[in-house]
Asks: 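Could you have a look at this structure, given as structure tokens, before my questions?
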Amino acid sequence: MASTLHSFASAADLAGSLADKVADTLSAAIAARGTASIAVSGGSTPKAFFQALSTRDIAWEKVTITLVDERFVPADNPRSNHLLVDANLLQNKAKAARFLPLYQDVASVEEAARLATEKTKAISSPFDIVILGMGGDGHTASFFPGGSNLAKAIDASTPRGIITMEAEGAGEPRLTFTFSSLEDAALLVLHIEGEGKKDVLAKAEGSGDEAEMPIRAVLRRATSPVEIYWAP
């Protein structure tokens with residue numbers, strides 16, 4: 001599916017524009033269906049966007065927020081994506097939203113994936129909005145090069161839900177939505193910042209194996225257009 005690049009002069013400009021786009025899309029979904037859903041990425045890149053979005057006038061009590069992926073760590077761990085969302089997005093007006101975490105307080109990451117899959121079935125498919133990031137190695141969500149479940153994660157025939165992922169560059173074991181869960185969102189966004197990430201994107205848009213740079217699976221095979229938001 002074709003992608004569209006939206007370039008901004010600054011990260012602040014990007015955050016404000018993306019917050020407006022997301023707010024409009026959520027509000028349209030609520031008007032049409034009565035509810036809306038969004039899955040967001042972690043890391044430091046989306047902080048300003050989260051903070052901007054949290055102030056937008058939306059019927060937040062009708063919005064469900066979840067994560068595209070998570071580390072298998074408790075919510076109070078500094079590396080938790082849940083903690084990032086709680087501190088930056090679930091604030092201000094967005095406090096009224098429902099949040100469905102992926103981490104589950106169980107003995108194994110496999111059991112956590114099973115439970116998270118069951119709990120997130122409460123979200124209607126497809127997502128209204130999916131916001132992805134991208135690492136310098138070309139990973140997105142927790143689709144890591146060399147990952148233990150990478151082939152399964154990016155196979156479009158793998159059922160919707162959450163699976164586990166372990167990889168050398170991932171640190172803790174991960175929980176990640178499958179490609180099939182994310183690729184047909186009404187609004188599918190890749191949010192990247194910095195010249196280095198633009199170079200990685202250019203490489204990913206060229207020829208090469210999806211297993212080498214898993215973001216290629218999204219750029220090549222997503223059934224929804226990919227809206228790329230970039231700032232230096």
Side-chain angles (χ1 to χ4, degrees), residues 6 8 10-71 73-105 116 119-134 140-142 162 175-177 181-182 184-193 224 226-231:
H6 307 270
F8 298 87
S10 69
D13 289 344
L14 184 159
S17 179
L18 183 54
D20 289 342
K21 177 67 173 178
V22 167
D24 288 346
T25 303
L26 291 173
S27 294
I30 292 166
R33 200 177 63 247
T35 61
S37 61
I38 176 171
V40 298
S41 60
S44 59
T45 300
K47 282 185 179 180
F49 157 62
F50 286 167
Q51 291 164 5
L53 181 60
S54 74
T55 67
R56 297 305 192 262
D57 287 315
I58 304 168
W60 282 106
E61 69 279 3
K62 298 179 180 179
V63 176
T64 298
I65 301 170
T66 191
L67 291 155
V68 299
D69 69 320
E70 178 62 283
R71 296 172 176 86
V73 296
D76 60 356
N77 186 295
R79 288 173 56 78
S80 165
N81 288 337
H82 182 163
L83 183 65
L84 175 80
V85 168
D86 193 48
N88 295 279
L89 178 52
L90 298 175
Q91 301 292 324
N92 302 308
K93 296 173 182 177
K95 281 184 178 180
R98 177 175 68 156
F99 179 68
L100 290 181
L102 301 190
Y103 173 79
Q104 310 293 316
D105 187 14
K119 291 183 178 182
T120 54
K121 284 180 180 177
I123 304 172
S124 298
S125 297
F127 283 110
D128 292 303
I129 304 170
V130 167
I131 311 286
L132 296 170
M134 182 183 71
T140 191
S142 281
I162 294 114
L175 299 155
T176 187
F177 270 102
S181 306
L182 306 172
D184 58 352
L187 175 64
L188 179 57
V189 173
L190 176 61
H191 175 187
I192 55 175
E193 296 180 9
S224 293
V226 182
E227 303 290 333
I228 302 169
Y229 279 66
W230 175 82

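One is the number of the first residue; the rest follow in order along the sequence.
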Asks: Check whether any side-chain N or O of T176 sits under 3.5 Å from a backbone N or O of A141 as a donor-acceptor pair, and report yes or no.
Replies: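 Between the backbone of A141 and the side chain of T176 there is no qualifying donor-acceptor contact (under 3.5 Å).
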Asks: What pair of heavy atoms forms the shortest contact from T120 to T66, and how long is it?
Replies: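 So the two residues come closest at CG2-OG1, 4.3 Å.
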Asks: Using every non-hydrogen atom in the two residues, find where L89 and L53 come nearest and quote the distance to one decimal.
Replies: CD1-CD2, 3.9 Å
Asks: Determine, step by step, whether I228 and I192 satisfy the side chain to side chain contact (heavy atoms under 4.5 Å, CB included) criterion, reporting the C-alpha distance in whole Å, the side-chain angles of both residues, the deciding distance to 0.1 Å, and the verdict.
Replies: CA-CA 8 Å; I228 302 169; I192 55 175; 4.3 Å; yes
Asks: Please determine which of L18, D24, D20 meets the side chain to side chain contact (heavy atoms under 4.5 Å, CB included) test together with V22.
Replies: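 Among the candidates, only L18 passes.
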Asks: I need the minimum non-hydrogen distance between N92 and T55, along with the two atoms involved.
Replies: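 Closest heavy-atom pair between N92 and T55: ND2-CG2, 3.8 Å.
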Asks: Could you tell me whether the side chain of R79 and the main chain of R71 form a donor-acceptor pair under 3.5 Å?
Replies: no
Asks: How long is the straight-line distance from CD1 of I30 back to OG1 of T25, given to the nearest 0.5 Å?
Replies: 11.0 Å
Asks: Do L83 and N77 have side chains that approach each other closer than 4.5 Å (heavy atoms only, starting at C-beta)?
Replies: no
Asks: Which pair of non-hydrogen atoms, one from L102 and one from F177, has the smallest distance, and what is that distance?
Replies: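 Where L102 meets F177 most closely, the heavy atoms are CD2-CE1, 3.9 Å.
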Asks: Looking only at side-chain N and O atoms, does H82 offer a donor or acceptor that is under 3.5 Å from a partner on E70?
Replies: no
Asks: Could you check L182, V40, D184 and say which one makes a side chain to side chain contact (heavy atoms under 4.5 Å, CB included) with V130?
Replies: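 Among L182, V40, D184, the one that satisfies the side chain to side chain contact (heavy atoms under 4.5 Å, CB included) with V130 is L182.
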Asks: To the nearest 0.5 Å, what is the distance between CD (E193) and OG1 (T45)?
Replies: 5.5 Å
Asks: Pick from I65, I58, T35: which one makes a side chain to side chain contact (heavy atoms under 4.5 Å, CB included) with L26?
Replies: I58
Asks: Is the shortest heavy-atom distance from the side chain of Q104 to the side chain of K119 under 4.5 Å?
Replies: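 With C-beta onward as the side chain, the pair touches.
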Asks: What closest approach, in Å, do V85 and F99 show between heavy atoms, and which atom pair accounts for it?
Replies: CG1-CE1, 4.0 Å
Asks: Taking all non-hydrogen atoms of both residues into account, name the closest pair between L132 and S41 and its distance.
Replies: C-OG, 3.9 Å
Asks: Determine whether S80 and Y103 satisfy the following criterion, side chain to side chain contact (heavy atoms under 4.5 Å, CB included), listing intermediate values before the conclusion.
Replies: CA-CA 9 Å; S80 165; Y103 173 79; over 6 Å; no
Asks: Please check: side-chain N/O of D128 versus main-chain N/O of A186, any donor-acceptor pairing under 3.5 Å?
Replies: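 No, because the side chain of D128 does not come within donor-acceptor range (under 3.5 Å) of the backbone of A186.
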